[in-house]
Amino acid sequence: MVSERLTSMSRPVVTRFAPSPTGYLHIGGGRTALFNWLYARGRGGKFLLRIEDTDRERSTPEATAAILRGLTWLGLDWDGDPISQFERRDRHAEVAHEMLRRGTAYKCFSSQEEIAAFREASKASYAVFRSPWRDVAAENHPDLPYVIRMKAPQSGQSEIKDEVQGSVIIQNDTLDDMICLRSDGTPTYMLAVVVDDHDMGVTHVIRGDDHLNNAARQQMIYDAMGWEIPVWAHIPLIHGPDGKKLSKRHGATGVEEYQAMGYPAAGMRNYLTRLGWAHGDAEIFSTTEALAMFDLAGIGRAPARLDFKKLENTCGHHMAAMEDAALLHELVAFMQVAGLPALTDAQKDLMSRGLYCVKDRAKTFHELLEKAHFMLVSRPIVADEASAKSLDSVSRGILNSLTPQLQNASWTKADLEQILTNAAAENGIGFGKLAAPLRAALAGRSATPSVYDMMLVIGQTETITRLNDATV
RNA sequence: GGCCCGUUCGUCUAUCGGUUAGGACAUCUGGUUUUCAACCAGGCAAGAGGGGUUCGACUCCCCUACGGGCUGCCA
């Protein structure tokens with residue numbers, strides 16, 4: 001592992017996330033953003049956003065909005081306004097021309113047809129294209145459209161000092177003179193990233209390892225302009241459960257889909273942080289703890305597979321640990337995204353009083369809602385198939401006999417406990433046999449919080465009314 | 001084809017030349033229990049294959065296999 005360069009350690013960290021606005025925020029992109037965010041924020045640095053919208057055909061404002069929504073949901077905040085790469089095209093062109101002046105780039109008049117013909121002819125050898133214009137003096141240039149190509153070294157090697165991949169050596173003769181400025185005057189990606197990262201003061205480039213090879217060429221631009229090369233950290237991509245590249249076939253690929261599936265953002269952050277990164281045995285941790293622990297050295301080099309079981313488990317821990325108010329707030333947002341009807345004020349009120357007894361039994365918001373059903377239904381309560389079985393004539397009779405005692409109860413947990421255990425004993429049944437019909441009557445479900453908690457939450461009047469409903 | 005990266009239990013991973021290869025999720029067995037969730041105790045389970053280097057390799061080097069990436073006037 002290469003240690004961080006001194007120059008970079010002496011200035012504040014600036015990272016960035018640079019998505020192409022061609023669709024929703026991919027879960028892999030979300031993790032890349034998270035790593036950048038953790039690294040910068042954990043060090044008091046800046047986390048910037050750049051929208052790589054130079055591909056005018058595929059870029060849409062809707063996609064940009066979706067990406068920002070995804071980041072916001074994940075809790076990743078960025079500094080300043082997102083930067084549009086497209087709007088910086090003049091600056092990119094300016095740098096290309098500066099390279100021309102410096103002699104580190106040249107005008108190439110080869111047409112796309114000529115290049116295509118070269119590729120066709122050298123299909124077998126896969127030779128790299130060598131422009132015949134590399135060393136042609138300006139006075140011999142024709143009056144034709146041209147591109148500006150990087151005058152890259154053709155021998156020797158380039159070293160990428162990568163914090164994750166270690167030292168990576170690329171032979172310079174395998175690289176062609178990449179195009180920096182197209183014949184229509186627009187910049188290519190390779191030029192634009194370097195110029196933007198430099199101008200934005202990015203100190204650490206943390207991105208997918210599909211860019212590892214690109215780093216060698218990008219370094220050449222930094223060198224050509226005399227700019228300082230940032231610290232590289234190329235992280236492996238996320239794969240589906242079967243080890244293949246994550247695709248729609250695997251289910252959810254978009255961050256917002258995970259929100260709709262009901263995973264709490266804190267759990268998602270925790271899980272995603274641990275996916276491809278480790279710090280000893282740390283598994284369940286808060287974002288504050290993650291910020292303190294996160295480092296580049298802990299990032300693994302192999303692609304990690306998404307494991308929904310572990311995601312759920314992680315989310316369960318966070319769900320239980322969340323403050324009631326925050327949990328309710330996130331639940332409301334979730335219901336909106338999932339297209340569920342909004343909670344009424346009465347429901348919210350009940351929920352804020354009863355969340356304590358459901359949050360540690362759920363791993364997703366869908367489960368939370370299911371467990372909270374007793375707070376959300378309105379009478380008459382219809383017992384579902386499983387719970388209806390426990391409402392036979394015998395148990396109805398027992399429930400009915402409970403009513404007078406409940407009417408006189410002080411409605412504390414201790415009091416209710418005494419009434420119910422006595423009732424079970426008097427009827428010669430185990431407590432479980434009594435709890436089942438109570439669940440059916442109070443919630444219409446067989447999987448619910450403790451019967452005591454339900455009674456406490458909905459209150460005396462409502463409890464008795466529901467029992468009466470069930471016994472008629 | 002060329003170049004680059006990767007490969008520890010089913011999964012996420014720890015290990016940075018000497019460990020009974022550890023933890024977590026999942027799974028299995030028992031316990032607890034008021035259903036669900038949880039909890040407690042325990043079990044199963046791993047260094048891709050082959051060569052080196054070394055007193056000693058999961059760890060360092062090479063080869064092979066498999067997976068991934070790059071090889072655009074896409075990003």
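Note that these values count all heavy atoms, side chains included, but never hydrogens, waters or copies made by symmetry. Quick note on labels: first sequence line is chain A, next is B, and so on, each numbered from 1.
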Quiz item: Do Ser446(A) and Arg439(A) have side-chain N/O donor and acceptor atoms under 3.5 Å apart?
Solution: no
Enumerate all atom pairs, one protein N or O and one N or O from nucleotides 60-69 of chain B, separated by less than 3.5 Å.
residue : atom : partner   : partner atom : Å
rG69(B) : N2   : Asn213(A) : ND2          : 3.2

Self-check item: Within residues 119-127 of chain A: residues closer than 4.0 Å to RNA chain B (heavy atoms)
Solution: Arg119(A), Tyr126(A)
Quiz item: Side chain of Thr188(A): nearest nucleotide among rU34(B), rA37(B), rA75(B)?
Solution: rA75(B)
Quiz item: Any idea which of rU34(B), rC12(B), rA75(B) is nearest the Ala435(A) side chain?
Solution: rU34(B)
Quiz item: So which pairs with a foot in residues 27-37 of chain A pass side chain to side chain donor-acceptor pair (under 3.5 Å), sequence neighbours left out?
Solution: Trp37(A)-Asp77(A)
Practice problem: Would you indicate what Gly316(A) reaches in the nucleic acid, counting non-hydrogen atoms under 4.0 angstrom: base, sugar-phosphate, or nothing? | Solution: nothing
Quiz prompt | Rounded interatomic separation in angstrom, taking CD from Glu312(A) and C1' from rA38(B) | solution = 15 Å
Practice problem: Could you state the atom-to-atom distance from CD1 of Ile169(A) to C1' of rC70(B) in whole Å? | Solution: 17 Å
Exercise. Enumerate the residue pairs fulfilling side chain to side chain donor-acceptor pair (under 3.5 Å) with a member in residues 57-67 of chain A, sequence neighbours excluded, ordered by first and then second residue.
Key: Asp55(A)-Arg58(A)
Quiz item: Do you see a donor-acceptor pair shorter than 3.5 Å between the side chains of Asp196(A) and His92(A)?
Solution: yes
Quiz item: Does any donor atom in the side chain of Asp53(A) or Ser84(A) lie under 3.5 Å from an acceptor atom in the other side chain?
Solution: yes
Quiz item: Mind checking the P distance from rC12(B) to rG50(B)? Whole angstroms is fine.
Solution: 23 Å
Quiz item: Looking only at side chains, do Asn172(A) and Gln154(A) share a donor and an acceptor under 3.5 Å apart?
Solution: no
Quiz item: RNA chain B: His279(A) or Ala302(A), which has the more 5' nearest nucleotide?
Solution: Ala302(A)
Quiz prompt | Distance-only donor-acceptor test, Arg217(A) side-chain atoms vs rU71(B) base atoms, 3.5 Å | solution = no
Quiz item: Partner of rU53(B) by Watson-Crick or G-U wobble geometry, both contacts under 3.5 Å, or none?
Solution: none
Quiz item: Taking atom C1' in both rC60(B) and rG43(B), what distance in whole Å separates the two?
Solution: 36 Å
Practice problem: May I have the distance from Lys433(A) (atom NZ) to rU33(B) (atom C1'), rounded to whole angstrom? | Solution: 15 Å
Self-check item: Atom-pair distance (CZ on Phe431(A); P on rU32(B)), nearest Å
Solution: 18 Å
Quiz item: Are the ring centres of Phe294(A) and Trp277(A) closer than 6.0 Å?
Solution: yes
Exercise. Would you indicate which nucleotide in rA75(B), rC3(B), rU11(B) comes nearest to any side-chain atom of Arg305(A)?
Key: rU11(B)
Self-check item: Between rC58(B) and rU8(B) - C1' atom distance, rounded Å
Solution: 7 Å
Exercise. Give none if rU33(B) has no partner; otherwise give the nucleotide forming a Watson-Crick or G-U wobble pair with it, both distances under 3.5 Å.
Key: none
Quiz item: Who passes side chain to side chain contact (heavy atoms under 4.5 Å, CB included) against Asn313(A), sequence neighbours left out?
Solution: His317(A)
Quiz item: If you check the Ser450(A) side chain, which of rU34(B), rA37(B), rC73(B) turns out closest?
Solution: rU34(B)
Quiz item: Side chains of Thr287(A) and Arg269(A): is there a donor and an acceptor less than 3.5 Å apart?
Solution: yes
Quiz item: For the pair made of CD in Glu159(A) and P in rC3(B), what is the distance, rounded to whole Å?
Solution: 19 Å
Exercise. Scan side-chain atoms only and decide if Trp232(A) and Gln165(A) contain a donor-acceptor pair under the 3.5 Å cut-off.
Key: no
Quiz item: Going by the angle between their ring planes, with limits at 30° and 60°, are Tyr189(A) and His211(A) parallel, tilted or perpendicular?
Solution: tilted
Quiz item: Considering Watson-Crick and G-U wobble pairs with both distances under 3.5 Å, what does rA75(B) pair with?
Solution: none
Quiz item: Can you check the Tyr106(A) OH to rC73(B) P distance for me, whole Å?
Solution: 12 Å
Quiz item: Mind checking who rA24(B) pairs with, Watson-Crick or G-U wobble, both distances under 3.5 Å?
Solution: rU11(B)
Quiz item: Tell me the side chain to side chain donor-acceptor pair (under 3.5 Å) pairs involving residues 415-431 of chain A, sequence neighbours left out?
Solution: Ser410(A)-Asp415(A)
Quiz item: Can you name the side chain to side chain contact (heavy atoms under 4.5 Å, CB included) partners of Pro61(A), sequence neighbours left out?
Solution: none
Practice problem: Send over the distance from Phe285(A) CZ to rC12(B) P, rounded to a whole Å. | Solution: 16 Å
Practice problem: Can you sort out which residues in residues 179-187 of chain A have a heavy atom within less than 4.0 Å of RNA chain B? Ascending by number, please. | Solution: Ile179(A), Arg182(A), Ser183(A)
Self-check item: Under 3.5 Å donor-acceptor, Tyr271(A) side chain and Asp307(A) backbone
Solution: yes
Quiz item: When all nucleic acid strands are considered with a 4.0 Å heavy-atom cut-off, which category describes Ser110(A): base, sugar-phosphate, or nothing?
Solution: base
Quiz prompt | The single option from Lys151(A), Arg217(A), Arg134(A) passing salt bridge (charged side-chain N to carboxylate O under 4.0 Å, His left out) against Asp177(A) | solution = Arg134(A)
Quiz item: What residue pairs, at least two apart or across chains, pass ring-ring contact (aromatic ring centres under 6.0 Å, His included) with a residue in residues 150-171 of chain A?
Solution: none
Self-check item: Any-strand Watson-Crick or G-U partner of rC66(B), both distances under 3.5 Å
Solution: rG6(B)
Practice problem: For Met178(A) and rC70(B), give me the distance from atom CE to atom C1', rounded to whole Å. | Solution: 14 Å
I'd like a table of atom pairs between the protein and nucleotides 22-26 of chain B - only N or O on both sides, under 3.5 Å - with the distance next to each one.
residue : atom : partner   : partner atom : Å
rG22(B) : N2   : Asp281(A) : OD1          : 3.3
rG23(B) : N2   : Arg274(A) : NH2          : 3.3
rG23(B) : N2   : Glu283(A) : OE2          : 2.7
rA24(B) : N3   : Lys310(A) : NZ           : 3.4
rC25(B) : O3'  : Asn313(A) : ND2          : 3.4
rC25(B) : O2'  : Lys310(A) : N            : 3.3

Quiz item: Taking the P atom of each, how far is rA14(B) from rA48(B), in whole Å?
Solution: 14 Å
Quiz item: What pairs of residues pass the side chain to side chain donor-acceptor pair (under 3.5 Å) test when at least one of them lies in residues 363-372 of chain A, not counting sequence neighbours?
Solution: Glu370(A)-Arg445(A)
Quiz item: Which residue lies toward the 5' end of RNA chain B, Ser20(A) or Leu306(A), if each is placed at its nearest nucleotide?
Solution: Leu306(A)
Practice problem: For RNA chain B, find the residues of residues 440-448 of chain A with a heavy-atom distance under 4.0 Å and give them by number; none if there aren't any. | Solution: Ser446(A), Ala447(A), Thr448(A)
Quiz item: Do His141(A) and Phe109(A) make the cut of ring centroids closer than 6.0 angstrom?
Solution: yes
